[in-house]
Each structure stands twice: as C-alpha cells, then as structure tokens.
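Read the structure below first, then the notes.
Reckoned from all heavy atoms, side chains included, excluding hydrogens, waters and symmetry mates. Keep in mind that this is a model prediction, so the values were computed, not measured.
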Protein chains: 2
Amino acid sequence: MDVTAKPEEADCRAVSEILSRVGDKWTIQVVVALRGGSQRFNGVKRRVGGISQQMLTRTLKALERDGMVERAVRHNTPPQVEYTLTPLGYSLSDTARHLAEWAAAHHGEIQDSRLDFDSRHG
Amino acid sequence: MDVTAKPEEADCRAVSEILSRVGDKWTIQVVVALRGGSQRFNGVKRRVGGISQQMLTRTLKALERDGMVERAVRHNTPPQVEYTLTPLGYSLSDTARHLAEWAAAHHGEIQDSRLDFDSRHG
DNA sequence: CGGAATCCTGCGAGATACTG
DNA sequence: CAGTATCTCGCAGGATTCCG
C-alpha cells in the first residue's frame, strides 16, 4: 500500500488488489468449502464441485502462501493431507459472506434492470 | 438464486456469481471513481488511470445494463455524456469499501506470510 | 468528445496422463 | 490419495484506427 496516496485512491487500489487476488474463479469457493472445518484434498474437491485437481492444487497452494489455509501432511499409506482455514482465512470468508448478502439482496434488481435494458436495446 | 439449495451452497454460488461479474479488472475501480458524483467519459478515464477507452466503454455499458450507473447524453458540440451512480451502484461501492477495509487490515499479514512461504520453498 | 470496429496477445483454466 | 507435467483453448483486455 502506498502511504503517500490519498485515502480514496488507496482504497481503490486496495480493492482492485484483493479482487485480482481473490476474484478468480475458485479461491472464494474453496475458502467457503473449508468453513465447516478441516478437509482433505478430495473432500474439498467434492464440496466445491466442478473444479479440476490442477486448479484445486494451485488455489490451495496460493491460499497457503497467503496464510489463509494450513496444510498438514500425514505420511501414511494412503497419504493424507488436511487443509484447515487459518483465522485470516476465516476473516476472508466473513467478508465473502458480506458479498453474498449484498448479492442476495440485489440480485433481483439487477436481473430486472438487465431485462429492461435488453428489451430497449437490440 | 436457487431456492431449493442449502443456505451455504447458495451463499457459495452467490459469491462466485458476483465475483465473476464484479471481480474483473475495472468494474469496481469505475464504481469507486463515480462515488464523488457525476463524471463525464474522459473524467472517469482520468480518475481510473490506465484503462483503455474500449474497456471503459465496455465497463460502463455493463454497469448501465445492471442498473448501477445512469447515462445522460447532452447533444451539443462537442457532445457530452454524464455518468452517475444509481443507489444500487452506491450500495455496491459500500460493499467495496468493506473489502477495502479488510484488505487494508490484513495486507501486512499476507505480505509477511508470502515472504515466509517463499523463503521456505524455492 | 465519446465512442464503435477491428486486430492481437497473454493468461486463466479445462482435459488428460503420469508419479510417489 | 494427492499431487505434477503438458497441451490446449477461450476470452479478458491492450493498442490502434475510424466515425458522428
């Protein structure tokens, strides 16, 4: 964050920073999937649904790097890896909840506006 | 929104829905740029900084379609087009503020976690 | 000034196959 | 089970040019 920037500009950059990090297709869904508690790799995969192993691997690694999830390995056969949300990860999921509430509250308005717009234009 | 889905799943889908709509590179920045009041096309362009006319045109049109901004045309020479945030657009910018606060609060933690992670791995 | 039309590019992300 | 390694493709988004 640039301390010399004006508050509003800082806000703007901050938001776009998180969005570019968190606004991808899977990150939030994975975080939400982990809210209930620790999950193993394929457990998360099942919960998210539609995600490829590759994207899940990437997403989890990125989240681990950012301190959002913790990775615990048990060296058995078959191997087990548990993923757990950190407090930071939880706080992100709370923010996500806020987004979800906004979406639920205004989804109808948006749909209507689109229909109206589309009917007026071609 | 699917009413038959469980609450958590609904949340999850709702979040990813908004994110896929609002999580692009420019939407939020344009909304934030309009918080101060009505702006003309190139005014917004200057405020956002780094955006191409094409992307600004697209972003504004999408926001108009969703009922987030209003477009008012004055047929003079030179032509003038004013863009204004609707109440719905304002409410989105408030949600964005929330995201910004989260980012500001945890940016340091994330940075530290990344440095730590990168030093332990390659 | 405020766009529309066109071209071009990199990256997000899916599918598949292989490994420990 | 939990990954890694390629290969591929679509599309977000940049640059440039043209129009009323």
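A:V31 and A:G89 get closest at one heavy-atom pair: CG1-O, 3.8 Å.
Atom-to-atom, CD of B:E82 to P of C:dC1 comes out at 14 Å; the value is rounded to the nearest Å. The interatomic distance linking A:F41 (CZ) with C:dG20 (P) rounds to 18 Å, in whole Å. Here C:dC1 presents its P atom at 16 Å from CZ of B:R71, a figure rounded to the nearest Å. The distance from atom CZ of A:R21 to atom C1' of C:dG12 is 14 Å, rounded to the nearest whole Å. To the nearest angstrom, C1' of C:dG2 lies 13 Å from CG of B:N76. Taking atom CG on B:L60 and atom P on C:dG2, their separation rounds to 11 Å, with Å as the unit. Following rounding to the nearest Å, B:L19 (CG) and C:dG12 (P) show an atom-to-atom distance of 16 Å. Atom CD in A:Q53 sits about 12 Å away from atom C1' in C:dC18, given to the nearest Å.
Each of C:dG2, D:dT6, D:dC1 was ranked by its minimum atom distance to the side chain of A:Q54; first place goes to D:dT6. Side chain of A:N42, nearest nucleotide from D:dA2, D:dT4, D:dG3: D:dA2. In this structure, the nucleotide among C:dG14, D:dA2, C:dG2 sitting nearest to the side chain of A:M55 is C:dG14. The side chain of B:V81 approaches C:dG3 more closely than any other nucleotide in the set C:dA13, C:dG3, D:dA2. The side chain of B:P79 approaches C:dC1 more closely than any other nucleotide in the set D:dT17, C:dC1, D:dC1.
At the phosphate of D:dA2, neither OP1 nor OP2 sits under 4.0 Å from any side-chain N or O atom of A:R58. For B:K25, a side-chain nitrogen or oxygen approaches OP1 or OP2 of D:dG14 to under 4.0 Å. In terms of phosphate contacts, A:R40 brings no side-chain nitrogen or oxygen within less than 4.0 Å of OP1 or OP2 of D:dC1. Remark: A:K61 is in phosphate contact with D:dT4, judged by side-chain N or O atoms under 4.0 Å from OP1 or OP2. An OP1 or OP2 oxygen of D:dC1 is reached within less than 4.0 angstrom by no side-chain nitrogen or oxygen of A:Y83.
The residue among B:S52 and A:Q80 whose nearest nucleotide of DNA chain D lies closer to the 5′ end is A:Q80.
When heavy atoms are screened at a 4.0 angstrom cut-off, B:R74 is found touching no nucleic acid atom at all.
The neighbour count for B:R74 CZ, taken as heavy atoms of other residues, nucleotides or ligands under 6.0 Å away, does not exceed 12.
Partners of A:E109 under the side-chain hydrogen bond (donor to acceptor under 3.5 Å, both in side chains) rule, at least two apart in sequence or in another chain, are A:H106.
A heavy-atom distance below 4.5 Å is not found between the side chains of B:L85 and B:M68. At a threshold of 4.5 Å between non-hydrogen side-chain atoms, the residues A:V48 and A:V44 count as touching. Between B:E17 and A:H107 the shortest side-chain heavy-atom distance falls below 4.5 Å. Residues A:R40 and A:Q80 have side chains in contact (heavy-atom distance under 4.5 Å, counting atoms from C-beta outward).
Note on the helix from C:dC1-D:dG20 to C:dG20-D:dC1: terminal axis deviation equals 40°, with five pairs used at each end and the result rounded to 10°.
Using cut-offs of 30° and 60° for the angle between ring planes, the A:F41 and A:Y83 rings count as tilted.
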